[in-house]
Amino acid sequence: MSDDSGSFLCTKNILFCAATRRNRSAELKPLRLYNSDGREMQPFTPLKEGMVGLYCCGPTVYNYAHIGNLRAYTHWDILRRTLERFGYAVNHVMNITDVGHLTDDGDEGEDKMIKGARERGMTVWEIAQFFTDAFFRDISRLNIKEPTVSCKATEHIADMIGLVERLEKNGFSYLSGGNLYFDSTKLADYGRLALLDRQELQHGARVEVDENKKHPLDFVLWFTRSKFQNQAMTWDSPWGRGYPGWHLECSAMSSKYLGEHFDIHTGGVDHIPVHHTNEIAQSEGAFGHKWVNYWVHNEFLIMKSGKMSKSKGGFLTLQSLVDDGYDPLDYRYFLLGGHYRSQLIFSVESLDAARSARKSLMGRLTAFRRDVGDTPIPQSSDLGDSVRARLDAFNEALGEDLNTPRALAEVWGLVKDDALPPAERLAALLDMDGVLGLKLDEAGQEDAAGSVDEELADLLRRRDEARNAKDWAAADEIRDELASLGWKVVDTPDGPRLEKA
Ligand code: AMP
Ligand code: ZN
C-alpha cells in the first residue's frame, strides 16, 4: 500500500504511522529552501503551524507534457513528500490551463489550443480533455502524488472576473483598444521577483510592441479583441465578451483554494520574468499585501541539441521512453540524480545508467527481504546508531533545499554497507523510498525473481568481461558486490557459476 493518503505508510511487515513521523520531525533540522523572491536560502516557516499551502503552475493542455515538463512535476512531488516527511500537512493545488493562450509568453503569438485542435481535428474542449487525461496518466506512471485540488481555468472564469474587478477598484487597470490592461507603473515594486529594472527596459525590448499599452511591461487582464476569427472559448464580462489573460488564472485559483496569503508557489525558471512577475503584480495589487512567502523554481531539462519546447514540437514524451523499453520510474531515478536548481542534460546513456541503478536497488531490497525472512522489520525508532545516522544524513540532504543527488548517495551508502544488519537496512531503505517514490519494493515484490536474476546475470557477465580484459580490480569489485547480495562465484571449466553464499 502506498502512503498516498498521507495517513500511513504500510508495506509487507513495516508500519510507520504519520504520528510517529510527526514526533520524529521534532528531531529533524529545519527545512531550508532557496527562495527566488530575494534569491537566497531561507529556513522554511509556514504561516500556520503544521500546515503548508502549496501552489504549482500546472500544464497547458494542448499537447502532451514533454519530459522537461515532467521534470518540474517530479521535483515538486519531492518537495511535497519532503514537507510531509518533515511533519506538515500539505494542501497542494494545481491549475489546468485549458483556456486558449498564446504561443508567446507576452501578448502575441497564436492561440495554442486552436493550433492543437486544428492539428488533431478536434474541438478545443475535446483537445483540452484529451491532454488533461494524458497528463494525469503520465504523472501517475511517474508516481507523482495527485494534487489535493486540481482546478481547471475554464471552470473559474467568475473568480478571475472578481479579481479583475478588485484590481479595477484599486486603480490598477485601464481599457485600451478593447482590451483591459494591468498598469505596471502603479505597483511600486513591480518586477521584484525577476529583479527587473524598469529604467533599463526600453519600449519593445522584451515583448513585441502592443500599441495599446501605455508601458511595455503592462499586460492584458481581459481580452475582448481577439485577432482570431474562430476564437472558441469566450465568456461575458463587465468589459465585454472575451477571455482572460493567461496570468489571471493562477492568481484567482490559488487564492480561492489557499487564501490570499499562502506559503509556497512553484514553477519553472522560464516563468520568473513574465508569468510569475505578473501573477504577483495582479495578486498584490488586488489584495493590497504580500501574497506568497516562498517561490521555488526548477531549472530546465535540456537536450544535447538545446531546449525542448512544447509549442515548437520535436520533444520527447514519457510514452516515447516507455516505447523504448524504459520503466517511467527509471526516468524518475534519472531526474533525482540532478538537483532541481541545476540544468540537467538528457541522454540515453544517462537514462540507461539510471535504469540499471534502480534495478540494482530493487535487487538489493529483494536480497534484504530474503535474508530477513519472517523476522519483523524494526520500527524506525528502533534502528541502531549507524543506520539512524544514514537516515539523518538522508533527511538532512532533503531538508537542505531538496538535495536529491546527496539523498541518493546516502541510499547507496546504506545498501552497500555490509556491516549494517539487513533488517535495519531494509527498514531504512523502505523509509527513504517513501520520499524518493521509486517503488523499489513494489517492483521488487512483483518481479523479484526476474529482476534479481537479471541483475545477477548482468553482474556475472560484467565480471567475465573484466577478467577477459585482465581488469582484476574491477572483477574483484563485482565479486564483492555479488557476495553482498548473498552469492559466491565459483569458476568452473564450463565458466563461472553462482552458488548461494
Ligand atoms: P507548460 O505546460 O508548458 O505550462 O509547462 C509546465 C511546467 O513545466 C512549467 O512550470 C514550465 O516552467 C516547466 N517546464 C517547461 N519546459 C521545461 C523543461 N525543459 N525543463 C523543466 N521544466 C520545464
Ligand atoms: Zn501559473
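Given the structure is predicted, the values throughout are model-derived calculations rather than measurements. Here, residue 1 is the first one in the sequence, and each next residue gets the next number. Numbering of ligands and ligand atoms starts at 1, following listing order. Side-chain atoms are counted along with the backbone in the values below, which use heavy atoms only and exclude waters and symmetry mates.
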ask   = Any idea how Trp291 and Phe262 line up, ring-wise: parallel (<30°), tilted (30 to 60°), or perpendicular (>60°)?
value = perpendicular
Separation between CG of Leu79 and OH of Tyr294, rounded to the nearest 0.5 Å = 12.0 Å
message = Any N/O/S atom, side chain or main chain, of Cys57 closer to the Zn ion (ligand 2) than 2.8 Å?
response = yes
query = If you count the atoms of ligand 1 from 1 in the order shown, which ones are under 4.0 Å from a heavy atom of Asp270?
reply = 11 (C), 12 (O)
Ligand-residue contact atoms, ligand 1 with Asn298, heavy atoms, under 4.0 Å = 21 (C), 22 (N)
query = Just which atoms of ligand 1 are under 4.0 Å from any heavy atom in Glu299?
reply = 21 (C)
request  = Any atoms of ligand 1 less than 4.0 Å from a non-hydrogen atom of His271? List them with their elements.
outcome  = 9 (C), 10 (O), 11 (C), 12 (O)
query = Under 4.0 Å from any heavy atom of Leu301, which atoms of ligand 1 are there?
reply = 18 (C), 19 (N), 20 (N), 21 (C)
ask   = CZ/Phe44 to OH/Tyr88 distance, rounded to the nearest 0.5 angstrom?
value = 5.5 Å
key: Greater than 12 external heavy atoms within 6.0 Å of Leu47's CG   = yes
inquiry  = For the CD1 atom of Ile302 and the CD1 atom of Ile345, what is their distance to the nearest 0.5 Å?
reply    = 4.5 Å
note = Judged by heavy atoms only, the candidate from Gly268, Gly58, Ala65, Gly68 nearest atom 22 (N) of ligand 1 is Gly68
request  = May I ask which of Thr60, Leu70, Asn69 has a heavy atom nearer to atom 14 (N) of ligand 1 than the others do?
outcome  = Asn69
key: Nearest-0.5 Å distance that lies between atom CG in Asp218 and atom CG in Asp183   = 5.0 Å
query = Can you tell me the N, O or S atom of His275 that's nearest the Zn ion (ligand 2)?
reply = NE2
Ring centre gap for His247 and His276 strictly below 6.0 Å = no
note = Counting from 1 in the order shown, the ligand 1 atoms closer than 4.0 Å to a non-hydrogen atom of Trp76 are 10 (O)
ask   = With a 4.0 Å heavy-atom cut-off (strictly under), which part of His66 contacts ligand 1: side chain, backbone, both or neither?
value = side chain
query = How many angstroms lie between CG in Leu54 and OH in Tyr257, if you round to the nearest 0.5 Å?
reply = 15.5 Å
note = Vertex the Zn ion (ligand 2), ends Cys250/SG and Glu279/OE2: angle to nearest 10° comes to 100°
note = One should read off an interatomic distance between Lys359 NZ and Asp330 CG, to the nearest 0.5 angstrom, of 8.0 Å
ask   = Just which atoms of ligand 1 are under 4.0 Å from any heavy atom in Pro59?
value = 2 (O)
